[in-house]
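In what follows, a single structure is set out as structure tokens and then discussed.
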Amino acid sequence: MSQLFTPARTRGFLRATAAAVALSSVLLTTNCGAAGESGGDPKATAAVPAGFPVTVDNCGVRTTYDRPPSRVVTIHQHPAELMLALGLKDRMVGTAFPDSAVLPELKEDYEAVPELARKEPSFEKVLDAEPDLVYGGYGSAFAEKEGRSRTAFADAGIDTYLNREYCGKKKVTMEDTYDEVRTIGKIFGVADRADKLVTDLKSRVGRAAGKVEGEPDVPVFVYDSGDKAAFTAGGKSLGTELIRLAGGENVFADLDDVFGDVSWEQVIERRPEVIAVYDYAGAGSVEQKKRFLLSQPALADVPAVRNKRFVVLPLTATLVGIRSAYAVDDLARGLHPESFR
């Protein structure tokens, strides 16, 4: 195999002076502002919505929210899209680390929120946005070695929430997506919006799955990255369930992990008929990945390679977030195109 790709997934202190300045500013506004004038901390006067306080257990961290967060930084794209889909743009003060093109219906709102960094922002950069909550997508959002541990944020008076996919569960399913939506809806006091969104996502999945019901399962190999070995989705990944719902079977569903390396000899032996190519920044373009697979003599007789059957999925569509429902439809169309004619 030629040398082209390597797996690309990389998924406490207080600033006393700044805190003092911020506190002084609040006190001055409170003491000097005339009645009826705008200014001050909106949390000081805003009525607490019904249903609060709300307590949430998340990846071993218990947080009680006295009121909905009002200044949120999202790290990674799928938390940002989930918040936007719930109509929470006005609560967002920063995003970071876009993986792929944003859903068209969310693009305008996404671009209206300041981007703090193309990758994970530094702890200081996040503090500069003055959030009351940081919502991370991958475990790397709160990398301790980078100074962004959840403890460091807690010490700075900032709550954190980590996508449940990284809470160490043994297997990720679509129910995790629906639970994630409902939990975020609960935290922000928009449970009705969350319920409606879950209903819409379930309907989207149901329509796609219904189209391919009764069709024979198509063997699918997920190609994330890698050249000497293939980095692929295992049986514990959400991708495996998305493939199943779309009328396929992950040929590496027996890999006892969310992701892992397999040999090209194993890929050849399992003869996938379709290759799902994961698309995200930092692992080479989709066209580069396709050229690599098509240029390998050892793979020439693999049905998916021989017939050039590829389905492209944004990485964000394979994670616990709103995109997973869209991925079922995209996969179903790629695996069973005749069912959509």
Side-chain angles (χ1 to χ4, degrees), residues 7-12 54-65 69 72-83 96-97 99 119-120 123 126 133-155 158-187 194 198 201 222 224-225 231-245 250 252-262 278 280 283 313 315-325 327:
R9 191 184 305 272
T10 45
R11 308 273 187 265
V54 165
T55 298
V56 172
D57 290 309
N58 169 241
C59 300
V61 176
R62 170 169 285 201
T63 304
T64 296
Y65 300 88
V72 183
V73 167
T74 58
I75 302 178
H76 305 115
Q77 187 174 331
H78 47 302
E81 289 190 334
L82 196 161
M83 287 197 59
F97 209 150
D99 273 323
K119 300 291 185 180
E120 289 96 348
F123 183 66
V126 176
L133 175 68
V134 179
Y135 180 9
Y138 304 132
S140 58
F142 302 117
E144 186 171 355
K145 66 180 181 180
E146 300 293 334
R148 288 190 309 273
S149 70
R150 298 184 74 174
T151 299
F153 281 115
D155 289 344
I158 300 169
D159 292 327
T160 55
Y161 185 91
L162 177 61
N163 185 291
R164 68 188 55 232
E165 189 165 358
Y166 289 84
C167 289
K169 283 188 64 176
K170 292 185 177 180
K171 188 173 181 178
V172 184
T173 70
M174 281 300 295
E175 285 304 316
D176 289 295
T177 288
Y178 306 142
D179 288 345
E180 183 85 354
V181 173
R182 292 191 184 100
T183 300
I184 298 303
K186 181 180 178 182
I187 289 171
V198 168
L201 295 176
V222 172
D224 179 292
S225 55
F231 193 57
T232 191
K236 292 181 179 177
S237 70
L238 181 58
T240 292
E241 176 156 309
L242 301 181
I243 291 169
R244 179 186 63 78
L245 290 167
N250 181 0
F252 288 104
D254 60 339
L255 179 62
D256 191 30
D257 209 339
V258 176
F259 281 91
D261 287 316
V262 297
Y278 282 4
Y280 61 100
L313 292 178
L315 179 63
T316 48
T318 70
L319 305 169
V320 170
I322 62 168
R323 289 283 193 101
S324 51

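None of these values were measured; they are calculated from a predicted model.
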Quiz item: Do L255 and T232 have side-chain heavy atoms sitting under 4.5 Å apart?
Solution: yes

Self-check item: F142 six-ring centre to R148 NZ/CZ under 6.0 Å and within 45° of normal
Solution: no

Exercise. Drop me the distance from R164's CZ to E175's CD, to the nearest 0.5 angstrom.
Key: 10.5 Å

Quiz prompt | Worked verdict on L313 versus L315 for side-chain contact (heavy atoms from CB on, under 4.5 Å) | solution = CA-CA 6 Å; L313 292 178; L315 179 63; over 6 Å; no

Quiz item: When rounded to the nearest 0.5 angstrom, what distance separates NE2 in H78 from CG in N163?
Solution: 4.5 Å

Exercise. Search all heavy atoms of G185 against all heavy atoms of A194 and return the closest pair with its distance.
Key: CA-CB, 3.9 Å

Quiz prompt | Contact check, side chains of V134 and V72, non-hydrogen atoms, under 4.5 Å | solution = no

Quiz item: Given the rule in the side-chain contact (heavy atoms from CB on, under 4.5 Å) test, do F252 and T240 qualify, once you have shown the distances and angles that lead to the verdict?
Solution: CA-CA 9 Å; F252 288 104; T240 292; over 6 Å; no

Practice problem: Decide yes or no on side-chain contact (heavy atoms from CB on, under 4.5 Å) for T64 and V54, but give the supporting numbers first. | Solution: CA-CA 6 Å; T64 296; V54 165; over 6 Å; no

Self-check item: From I187 atom CD1 to M83 atom CE, the distance as rounded to the nearest 0.5 Å
Solution: 9.5 Å

Quiz item: Can you tell me if Q77 and Y280 form a side-chain donor-acceptor pair at under 3.5 Å?
Solution: no

Self-check item: Shortest non-hydrogen contact between G239 and Y278, atoms and distance
Solution: CA-OH, 3.7 Å

Quiz item: If you take all heavy atoms of A327 and A317, which pair is closest and at what distance?
Solution: CB-O, 3.3 Å

Quiz item: So, T173 versus E241: side-chain donor-acceptor pair below 3.5 Å or not?
Solution: no

Quiz item: Which atom pair, heavy atoms only, marks the closest approach of A152 to G147?
Solution: CB-O, 3.9 Å

Quiz item: Taking the side chain as C-beta and beyond, is there a heavy-atom pair between T183 and E180 under 4.5 Å?
Solution: no

Quiz item: If you round to the nearest 0.5 Å, how far is CG of D176 from SG of C167?
Solution: 9.0 Å

Exercise. Using only heavy-atom distances, determine whether the side chains of Y135 and D159 contain a donor-acceptor pair under 3.5 Å.
Key: no

Exercise. Go through the steps to decide whether Y138 and D99 satisfy the test side-chain hydrogen bond (donor to acceptor under 3.5 Å, both in side chains), and finish with yes or no.
Key: CA-CA 12 Å; Y138 304 132; D99 273 323; 2.7 Å; yes

Quiz item: Does L133 reach the side chain of I158, with side-chain heavy atoms less than 4.5 Å apart?
Solution: no

Self-check item: Between OG on residue S237 and CG on residue L319, distance to nearest 0.5 Å
Solution: 10.0 Å

Quiz item: Hey, is the main chain of A141 close enough, under 3.5 Å, to the side chain of E120 for a donor-acceptor pair?
Solution: no

Quiz prompt | R323 and its side-chain hydrogen bond (donor to acceptor under 3.5 Å, both in side chains) partner, picked from T318, T177, T316 | solution = T316

Quiz item: So do V61 and C59 actually touch side chain to side chain, heavy atoms under 4.5 Å?
Solution: no

Exercise. Ignoring hydrogens and angles, tell me if any N or O in the side chain of S140 forms a donor-acceptor pair with the backbone of A143 under 3.5 Å.
Key: no

Quiz prompt | Min side-chain heavy-atom separation V56-R62 under 4.5 Å | solution = no

Exercise. Look at the side chain of N58 and the backbone N and O of L162, then say whether any donor-acceptor pair between them is shorter than 3.5 Å.
Key: yes

Practice problem: Apply side-chain contact (heavy atoms from CB on, under 4.5 Å) to the pair M174 and S324, showing each step before the final yes or no. | Solution: CA-CA 8 Å; M174 281 300 295; S324 51; 3.6 Å; yes

Quiz item: Is the closest side-chain heavy-atom distance between K236 and D256 below 4.5 Å?
Solution: yes

Quiz item: N250 side chain to G235 main-chain N or O, any donor-acceptor pair under 3.5 Å?
Solution: no

Quiz item: Below 4.5 Å, heavy atoms only, C-beta onward: do I184 and L82 meet side chain to side chain?
Solution: yes

